[in-house]
Amino acid sequence: MTKADRGCDLDFSTLCAHGELAGGERRPFGALTAPIFQTASYAHPAVGQSTGYDYTRCVNPTRNELEKLLSALEGAGDTLACGNGMAAVTLVMDLFAPGDHIVCTHDIYGGSVRLFRLLEEQRGVRFSFVDSSEPALVEAAVEPDTKALFVETPANPTLKITDLREMAKIAKAHSLLLVVDNTFMTPYLQKPLDLGADIVVHSGTKFLGGHNDTLAGFVCSRDEKLGERLRFLYNTTGPALAPFDSFLILRGLKTLPLRLDRQQANARGLAAWLTRQPWVRKVYYPGLPAHPGAAVNAAQARGPGAMLSFEVRDGETARRLVENTRLISYAESLGGTETLITLPVLQTHADVPPEEREKMGLGMDFLRLSLGVEDPDDLIRDLDQAARG
Ligand SMILES: Cc1ncc(COP(=O)(O)O)c(C=O)c1O
């Protein structure tokens with residue numbers, strides 16, 4: 001059996017390490033890593049002939065290699081690599097027309113909420129924000145004009161879990177597209193397309209890139225027709241990821257399973273430690289048995305991930321933590337090798353209307369941690385000294 005014959009059976013980690021040529025194909029000159037094709041345009045051999053590449057907004061060999069790898073990892077028919085996660089979410093939203101209605105998880109990334117509010121004002125697409133951890137609420141929100149469900153699980157930043165199989169059932173019953181933002185989990189831990197989703201979106205800036213150094217976004221689709229429509233919109237609106245950034249994400253992906261295993265282990269350790277601290281009121285982590293979504297998450301994902309949130313005694317304690325940690329940076333974003341602490345009310349969810357933030361339980365005492373790959377004892381020591389002030 002040749003290496004090429006074995007291509008489709010390869011383990012996730014092997015695919016990540018070798019890229020989409022893991023089956024045994026060779027890159028130009030036998031290059032082990034994806035060459036960066038830093039070109040805007042391509043010469044044609046003759047009239048009516050093409051190398052398959054004409055203009056980098058539409059297609060580029062480096063980006064192509066990344067898109068094929070993401071498709072292999074997510075089990076997608078096609079993937080479009082975008083300049084960042086919001087460009088990817090915007091591309092998906094370009095599928096919808098004035099009057100269309102979308103039912104959406106209410107505690108999603110604040111930037112997505114900001115975009116959806118803008119689309120309501122300017123394009124007449126309507127959204128209902130519901131707690132999608134309760135499938136009955138999603139079902140009840142479906143209207144005659146509903147075209148899609150947009151779901152994030154675990155949700156950001158409350159870590160609520162939505163049952164993707166239940167969402168797929170509702171979507172199928174009402175002929176809706178099921179769109180899942182899989183940023184928090186990555187395909188290493190959760191594969192929504194296998195559970196019945198039609199589209200997966202990612203902020204590739206996070207775990208996929210993994211080093212807090214590159215912005216990227218992905219739209220992975222299952223169905224061929226849907227993929228063609230998305231590619232048409234992509235060529236038309238131009239959210240393409242640059243060749244160099246495509247290379248950086250490919251490089252990051254090589255170590256995705258290694259990083260995420262370590263990050264997840266750190267999250268488990270920190271979650272357990274936080275539950276024992278007198279200054280912590282509540283820990284939100286789907287890896288804790290007491291988490292209301294733990295069983296659903298275990299049934300649809302390979303692990304609880306590397307994100308956790310926690311509520312502290314009061315706003316003053318939260319301020320002390322973010323200002324006094326030395327190793328852990330007070331910063332937006334997530335998924336990188338360095339642990340970050342975030343105050344969602346002032347950062348990721350600052351533009352979410354206060355009454356909606358209140359519904360989600362987000363106050364000045366609510367903090368989010370994105371676990372990195374550091375030694376867990378160093379992280380615990382840092383939080384402990386910061387809490388003592
Ligand atoms: C879950 C989720 N989706 C989408 C985005 C947007 O991604 P980007 O910042 O790459 O535009 C983010 C950003 O934090 C996110 O957390």
Side-chain angles (χ1 to χ4, degrees), residues 66 70 74 79-94 102 104-119 127 129 132 150-162 164 179-187 189-190 192 197 199-220 237-242 245-246 248-249 252-253 260 263 284 286 301 305-309 329-336 338 340-352 360 362 366-371:
L66 172 61
L70 245 290
E74 278 288 2
T79 293
L80 295 156
C82 304
N84 55 61
M86 287 320 300
V89 179
T90 303
L91 178 64
V92 172
M93 289 301 135
D94 284 341
I102 296 171
C104 177
T105 305
H106 77 142
D107 43 355
I108 56 170
Y109 168 57
S112 299
V113 176
R114 185 172 52 220
L115 171 69
F116 297 168
R117 293 296 186 210
L118 184 75
L119 292 176
F127 292 83
F129 294 91
S132 60
F150 186 100
V151 170
E152 221 179 278
T153 181
N156 183 0
T158 59
L159 283 300
K160 272 196 178 167
I161 300 298
T162 293
L164 291 176
V179 184
V180 179
D181 186 330
N182 204 25
T183 299
F184 271 29
M185 294 305 251
T186 83
L189 296 179
Q190 178 169 274
I199 297 176
V200 163
V201 290
H202 279 285
S203 169
T205 314
K206 318 300 182 192
F207 291 99
L208 298 178
H211 293 76
N212 281 325
D213 58 6
T214 315
L215 295 178
F218 295 98
V219 177
C220 311
T237 61
L241 185 66
D245 290 352
S246 300
L248 285 172
I249 301 293
L253 280 170
L260 206 40
Q263 288 169 286
Y284 300 78
M307 300 296 299
L308 68 85
S309 295
S329 297
Y330 170 43
E332 303 205 21
S333 205
L334 59 110
E338 304 85 10
L340 304 182
I341 192 162
T342 303
L343 197 45
V345 164
L346 299 184
Q347 296 177 295
T348 50
H349 290 67
D351 284 349
V352 175
M360 295 182 214
L362 301 188
F366 191 101
L367 293 160
R368 191 187 76 181
L369 272 181
S370 166
L371 277 303

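As the structure is a prediction and not an experimental result, all values here were calculated from the model. Remember, it's 1-based here, ligands and their atoms both numbered in the order they're listed.
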*Measuring from the heavy atoms of Leu334, does anything fall under 4.0 Å of ligand 1?*
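Contact present.
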*Is the closest heavy-atom distance from Ala216 to ligand 1 below 4.0 Å?*
yes
*Against heavy atoms of Glu152, which atoms of ligand 1 measure under 4.0 Å?*
1 (C)
*Quick one: does Asn156's side chain get under 4.5 Å of Ile108's, heavy atoms only?*
no
*Do Phe127 and Leu119 come within less than 4.5 Å of each other through their side chains, counting heavy atoms only?*
yes
Identify, for [atom], the protein heavy atom at the shortest distance, and state residue, atom and that distance.
atom                   : result
atom 1 (C) of ligand 1 : Asp181 OD2, 3.4 Å
atom 6 (C) of ligand 1 : Tyr109 CE2, 3.5 Å
atom 8 (P) of ligand 1 : Gly85 N, 3.3 Å

*asked:* Testing Thr186, Thr79, Asn182 one by one against Glu74 for a side-chain hydrogen bond (donor to acceptor under 3.5 Å, both in side chains), which residue passes?
replied: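 Exactly one pass, corresponding to Asn182.
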*Looking only at non-hydrogen atoms, which of Thr183, Asn182, Asn156 approaches atom 16 (O) of ligand 1 most closely?*
Asn156
*asked:* Quick check: closest heavy atoms across Thr183 and Ser203, and the distance to 0.1 Å?
replied: OG1-N, 2.8 Å
*Which atoms form the tightest heavy-atom contact between Arg117 and Phe129, and what is the distance?*
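Nearest heavy atoms, Arg117 then Phe129: NH1-CE1, 3.2 Å.
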_Does any N or O of ligand 1 fall below 3.5 Å from an N or O anywhere on Lys206, backbone included?_
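Yes, since at least one N or O of Lys206 sits under 3.5 Å from an N or O of ligand 1.
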*Centroid-to-centroid, Phe150 to Phe116, below 6.0 Å?*
yes
